[in-house]
Amino acid sequence: MNKKTIYALIAILIVFGIYGYEFFLNEEEALDIVETGKEVKNNTNEYFLPTSTTNQVIHHEGYSLSYSEPHEQAEWVAYELKKAHLSKSHFKRPYFEIDKAIKTGAAHWRNYKNSGYDRGHLCPAGDRRYSQMAHDETFLTSNISPQKHQFNSGIWNRLEQKVRYWASKYNGVFVVTGGVLKGQMRTIGDDAVSVPDQFYKVLIDNNSGKTKMIGFLIPHKESDAPLYEFVVSVDTIETLTGIDFFPQLEDTLEAKLEASKSYKGWSFNRK
DNA sequence: CTGTATGTC
DNA sequence: GACATACAG
């Protein structure tokens, strides 16, 4: 064996040694994440992902979604809003883009043009202001549902702000949200994007001690009523949508939390 | 914060 | 279509 061969062998050993060590670290990290469900990366938020009734789940960096082709929008969008995600940084509003990850083809923003409806974010831009990329990613048409402006800027906006308040107060929450895609709905645009008659939001707090859950079901119209009047059990939303929201939770705990329409532990007092 | 509309290239 | 600017709840 000449010197050159020996050096080459040593180099190979070093490379594989480092690779093996990193692989080991990643395994440890992944295991920890699965157990805690606290991370927001793709391989981590699966812990809290709902089931898909459409069989088309897409993972983006800042959120995941299940796309309904017949309704040309997501049946659910899921993401974790950590306390650390709350940011005051301002990014310029980009233009909506077709989500190329949707294999069946996502709706074009043109469907919403002059439709009389807002391009209502499901994962709000205001929840993804921790980076330019995460922010801009919310402007994919797979994350948009037709919403009346009075609803979007009204009670829905107030609920989104409340979620940010809870994320701050409870050290982060996991959020699942979407329109109820059911029954006869009117459509807009050439792609026939369905206009939901109700929107839902389901939250779980798994970070501030005892795990707690809350569900909201809000008719697609502006309302001055306080938010707690729209609290329903998660079971109610599951029956309505056919979605199983937290299949990874331990069954007894899941059944108990999802049956409850109590909002005890969720503060409605401020903001 | 949540959004739309319009004019210019 | 991309971009800047103005405006509304």
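Below, chains carry the letters A, B, ... as their sequence lines are ordered, and counting in each starts from 1.
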For the pair made of [atom1] in [X] and [atom2] in [N], what is the distance, rounded to whole Å?
X: A/Gln147; N: B/dT4; atom1: CD; atom2: P; result: 10 Å
X: A/Gln161; N: B/dG3; atom1: CD; atom2: P; result: 12 Å
X: A/Phe139; N: B/dT2; atom1: CZ; atom2: P; result: 8 Å
X: A/Leu159; N: B/dC1; atom1: CG; atom2: C1'; result: 14 Å
X: A/Lys113; N: B/dA5; atom1: NZ; atom2: C1'; result: 7 Å
X: A/Trp109; N: B/dA5; atom1: CH2; atom2: P; result: 11 Å
X: A/Asp118; N: B/dA5; atom1: CG; atom2: C1'; result: 13 Å
X: A/Lys162; N: B/dT2; atom1: NZ; atom2: P; result: 16 Å

- With sequence neighbours excluded, tell me which residues meet side chain to side chain contact (heavy atoms under 4.5 Å, CB included) with A/Asn143.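 For A/Asn143, the residues satisfying side chain to side chain contact (heavy atoms under 4.5 Å, CB included) (neighbours in sequence not counted) are A/Tyr63, A/Val77, A/His121, A/Leu122, A/Cys123, A/Thr138.
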Which residues satisfy the ring pair (Phe, Tyr, Trp, His ring centres under 6.0 Å) test with [X], sequence neighbours excluded?
X: A/His135; result: A/Phe91, A/Phe139
X: A/His149; result: none
X: A/Trp156; result: A/Phe151, A/Phe199
X: A/Phe245; result: A/Tyr200

- Message: Reading DNA chain B from 5' onward, which residue's closest nucleotide shows up sooner: A/Arg119 or A/His90?
- Response: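 It is A/His90 whose nearest nucleotide is closer to the 5' end.
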- Could you pull out all residues at least two apart from A/Ser68 that satisfy side chain to side chain donor-acceptor pair (under 3.5 Å)?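 By the side chain to side chain donor-acceptor pair (under 3.5 Å) rule, A/Ser68 matches no residue at all.
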- Query: In the hydrophobic clustering (ILVMFWY, side-chain contacts below 4.5 Å, transitive), which residues join A/Met185, or is it alone?
  - Reply: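 Hydrophobic cluster check, A/Met185: joined to A/Leu181.
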Atom pairs and distances, donor-acceptor, side-chain atoms in residues 92-99 of chain A, under 3.5 Å, two or more places apart:
residue : atom : partner  : partner atom : Å
A/Asp99 : OD1  : A/Ala101 : N            : 2.9
A/Asp99 : OD2  : A/His60  : NE2          : 2.7
A/Asp99 : OD2  : A/Ser142 : OG           : 2.6

- Message: Show every side chain to side chain donor-acceptor pair (under 3.5 Å) that has at least one partner inside residues 235-245 of chain A, sequence neighbours left out.
- Response: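 Counting only pairs at least two positions apart or across chains, the side chain to side chain donor-acceptor pair (under 3.5 Å) contacts touching residues 235-245 of chain A are A/Ser233-A/Thr236.
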- Query: At under 4.0 Å, does any side-chain N or O of A/His121 touch on OP1 or OP2 of B/dG3?
  - Reply: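 Yes.
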- Message: B/dT2, OP1 or OP2 - any side-chain N/O from A/Arg158 closer than 4.0 Å?
- Response: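 For A/Arg158, the contact criterion (side-chain N or O under 4.0 Å from OP1 or OP2 of B/dT2) is not met.
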Any protein N or O atoms within reach of nucleotides 7-9 of chain C? Criterion: under 3.5 Å, listing atom names and distances.
residue : atom : partner  : partner atom : Å
C/dG9   : O3'  : A/Gln150 : OE1          : 3.1

Might you list the N or O atoms of the protein lying below 3.5 Å from N or O atoms in nucleotides 3-6 of chain C, with each pair's distance?
residue : atom : partner : partner atom : Å
C/dA4   : OP2  : A/Lys92 : NZ           : 2.3

- Task: Determine the contact category for A/His108: base if any of its heavy atoms lies under 4.0 Å from a base atom, sugar-phosphate if only primed atoms, P, OP1 or OP2 are that close, otherwise nothing.
- Result: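 Sugar-phosphate, backbone atoms only, no base.
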- With heavy atoms under 4.0 Å as the rule, sort A/Gly120 into base, sugar-phosphate or nothing.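 Sugar-phosphate only.
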- Task: Consider the side chain of A/Arg93, meaning its heavy atoms from C-beta on, and name the nucleotide among B/dG3, B/dC1, B/dA5 that approaches it most closely.
- Result: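 It is B/dG3.
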- Message: Quick check for you: among B/dA5, C/dG1, B/dT2, whose closest atom lies nearest to any side-chain atom of A/Asn114?
- Response: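 Nearest to the side-chain atoms of A/Asn114, counting from C-beta on, is B/dA5.
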- Task: Verify the distance criterion only: is there a donor paired with an acceptor across the side chains of A/Glu250 and A/Thr252 at less than 3.5 Å?
- Result: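 Short answer, yes.
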- Pair A/Asn152, A/Asp118: side-chain N/O donor-acceptor within cut-off below 3.5 Å: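 Side-chain D/A pair, A/Asn152 to A/Asp118: present.
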- A/Lys212 NZ/CZ over A/Tyr170 ring centroid, <6.0 Å and within 45° of normal: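 Yes, A/Lys212 and A/Tyr170 form such a contact.
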Could you run down the sub-3.5 Å N/O contacts of the protein with nucleotides 7-9 of chain B?
none

